[in-house]
Amino acid sequence: ICNTVFDQAFLPVCLVALAVTAFRGNLPLAASLPYLAGSGSPYFSAVDRQTILGLNPSVTRSQLFKSELEGVTITNAVAGGTNVRVDIGEVTIANGTTITNTATGATNVITTNSNVSSIIMTGGTISGGTNSNVRLMNGDSFLMSGGTITGGTAANGGNIYVYNAASALNMYGGTISGGRGYNGGNIYSNAASVYLGKYALVENGYATIESDGGGGNIRTTGALTTYGVIRNGESRAFGGNLIVEGVDNTHTIAGGEIY
């Protein structure tokens with residue numbers, strides 16, 4: 001269906017929608033691709049068409065409206081080779097979903113300064129981003145309870161970069177591993193709060209620069225609370241596992257392990 005119904009430029013978007021529908025299984029929910037009158041920026045095509053996947057008699061008006069909003073939310077951005085861009089609303093990444101992009105300057109998942117965007121990751125894999133795997137911009141949030149984010153690289157936050165204090169990273173479970181960056185090999189937080197629950201694992205990060213950089217696994221200037229495991233980080237400068245900064249912030253190591 002993705003190859004026959006849609007313009008080739010929208011193939012990634014179509015595949016994401018199909019993955020969402022497959023995950024929902026027999027639940028009375030639908031996934032929508034919102035091209036009722038063709039598509040606009042960044043890809044202009046008059047032949048793209050509206051499609052609703054998973055429609056059945058149990059789908060309600062509110063669920064149909066929600067699927068339409070989700071369809072608008074998921075776009076394939078040109079700049080930087082982004083796989084999933086969240087402009088507004090909520091996107092869930094679930095079991096069986098794989099998002100990967102190793103092109104130069106690529107970010108796999110990004111929010112766009114909307115102050116109302118959120119990403120929920122319950123499973124699946126995000127890997128290989130060369131400008132961070134996940135970038136949270138102004139006021140947006142990322143909640144992770146399962147899955148794996150791995151192998152990202154960037155100047156700051158190889159796997160996850162959190163832009164400012166209005167944003168939030170809450171990791172209740174799952175694994176973030178193998179990130180490389182000047183600051184925060186796996187996670188870099190610029191004044192935003194970071195929470196790691198007891199089932200969270202952050203490991204094998206590497207801070208790659210010899211001077212000023214550091215925090216092989218995590219570097220944060222915001223509040224950090226951790227009950228999870230932070231391990232096997234390496235830095236060419238400071239903080240093999242962790243650097244926490246900011247005199248006005250509260251950092252709580254409430255359990256778990258750091259080694």
Side-chain angles (χ1 to χ4, degrees), residues 77 79-85 93 97-111 119 121 124-137 140 142 144 146-164 167-171 173-196 200-222 224 226 228-246 251 256-259:
T82 303
N83 276 341
V84 178
R85 188 182 73 194
I93 300 166
T97 302
T98 299
I99 302 173
T100 185
N101 195 337
T102 57
T104 301
T107 301
N108 277 310
V109 180
I110 189 169
T111 65
I119 301 166
M121 185 171 184
T125 302
I126 303 174
S127 66
T130 57
N131 188 30
S132 301
N133 271 318
V134 177
R135 295 179 70 86
L136 298 179
M137 304 309 289
D140 298 323
F142 184 82
M144 182 177 183
T148 300
I149 302 175
T150 186
T153 60
N156 296 312
N159 277 318
I160 298 181
Y161 174 80
V162 189
Y163 178 68
N164 71 5
S167 304
L169 169 62
N170 295 297
M171 183 183 178
T175 300
I176 299 175
S177 68
R180 297 170 62 90
Y182 296 162
N183 294 294
N186 275 316
I187 299 170
Y188 179 79
S189 171
N190 183 20
S193 64
V194 176
Y195 175 89
L196 304 181
L201 172 60
V202 181
E203 65 177 356
N204 301 329
Y206 182 43
T208 59
I209 197 169
E210 291 184 357
S211 60
D212 297 327
N217 275 317
I218 300 173
R219 184 165 185 165
T220 177
T221 61
L224 171 69
T226 177
V229 176
I230 304 170
R231 70 185 184 189
N232 298 336
E234 183 179 353
S235 173
R236 296 184 69 186
F238 311 105
N241 270 315
L242 178 65
I243 290 180
V244 292
E245 304 170 283
H251 306 294
E257 301 174 85
I258 300 176
Y259 62 92

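Bear in mind the structure is a predicted one, so any value in this text is a computation, not a measurement. Counting begins at 1 with the first residue of the sequence.
- A cation-pi contact links R135 to Y161, judged by a cut-off of 6.0 Å to the six-membered ring centre and 45° from its axis.
- Scanning both residues, G239 and I243, for their nearest heavy atoms gives CA-CG1, 3.8 Å.
- Of the residues T226, V194, L224, the one that meets the side-chain contact (heavy atoms from CB on, under 4.5 Å) test with V244 is L224.
- Applying the salt bridge (charged side-chain N to carboxylate O under 4.0 Å, His left out) criterion to R180, with sequence neighbours excluded, gives no partner residue.
- When all heavy atoms of N241 and Y259 are compared, the closest pair comes out as ND2-O, 2.9 Å.
- Inter-residue side-chain proximity for I126 and I93 is flagged as met; some heavy-atom pair is nearer than 4.5 Å.
- To the nearest 0.5 Å, the span separating OG on S189 from CD1 on I160 amounts to 10.5 Å.
- Atom-to-atom distance recorded for L196:CG and L169:CG is 7.0 Å, nearest 0.5 angstrom.
- Considering only heavy atoms from C-beta on, N159 stays 4.5 Å or farther from V134 through its side chain.
- With a 6.0 Å radius and a threshold of 12 heavy atoms from other residues, nucleotides or ligands, F238 has its CZ atom at or below the threshold.
- When each of N156, T221, T220 is tested with N183 by the rule side-chain hydrogen bond (donor to acceptor under 3.5 Å, both in side chains), just one qualifies, namely N156.
- Heavy atoms only, all atoms of each residue included: A237 and I209 are closest at CB-O, 3.6 Å.
- E203 places a side-chain heavy atom less than 4.5 Å from the side chain of T175.
- Of all non-hydrogen atoms in S235 and G215, the two that sit nearest each other are OG-N, 4.1 Å.
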*Walk me through it: do V109 and F142 pass the test side-chain contact (heavy atoms from CB on, under 4.5 Å)?*
CA-CA 11 Å; V109 180; F142 184 82; 6.0 Å; no
*Take L136 and Y163 through the side-chain contact (heavy atoms from CB on, under 4.5 Å) test and state the conclusion after the steps.*
CA-CA 6 Å; L136 298 179; Y163 178 68; 5.8 Å; no
*Taking it one step at a time, do M171 and Y195 satisfy side-chain contact (heavy atoms from CB on, under 4.5 Å)?*
CA-CA 6 Å; M171 183 183 178; Y195 175 89; over 6 Å; no
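- Using a 4.5 Å heavy-atom cutoff, the side chains of V202 and I187 are in contact.
- The two residues T150 and N133 come nearest to each other via the heavy atoms O-ND2, 3.0 Å.
- In this structure, CD1 in I119 is found 11.5 Å from CE in M144, a value given to the nearest 0.5 Å.
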*asked:* Please evaluate residues I258 and L242 with respect to the criterion side-chain contact (heavy atoms from CB on, under 4.5 Å), reporting the C-alpha separation (whole Å), side-chain torsions for both, the decisive distance (0.1 Å), and the verdict.
replied: CA-CA 9 Å; I258 300 176; L242 178 65; 4.1 Å; yes
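- Residues Y206 and N186 have side chains not in contact (no heavy-atom distance under 4.5 Å, counting atoms from C-beta outward).
- Annotation: side chain of M121 is in contact with side chain of I149 (closest heavy-atom distance under 4.5 Å).
- Judged purely by atom type and a 3.5 angstrom limit, D140 has no side-chain atom pairing as donor or acceptor with the backbone of S167.
- With a 6.0 Å radius and a threshold of 12 heavy atoms from other residues, nucleotides or ligands, Y182 has its OH atom at or below the threshold.
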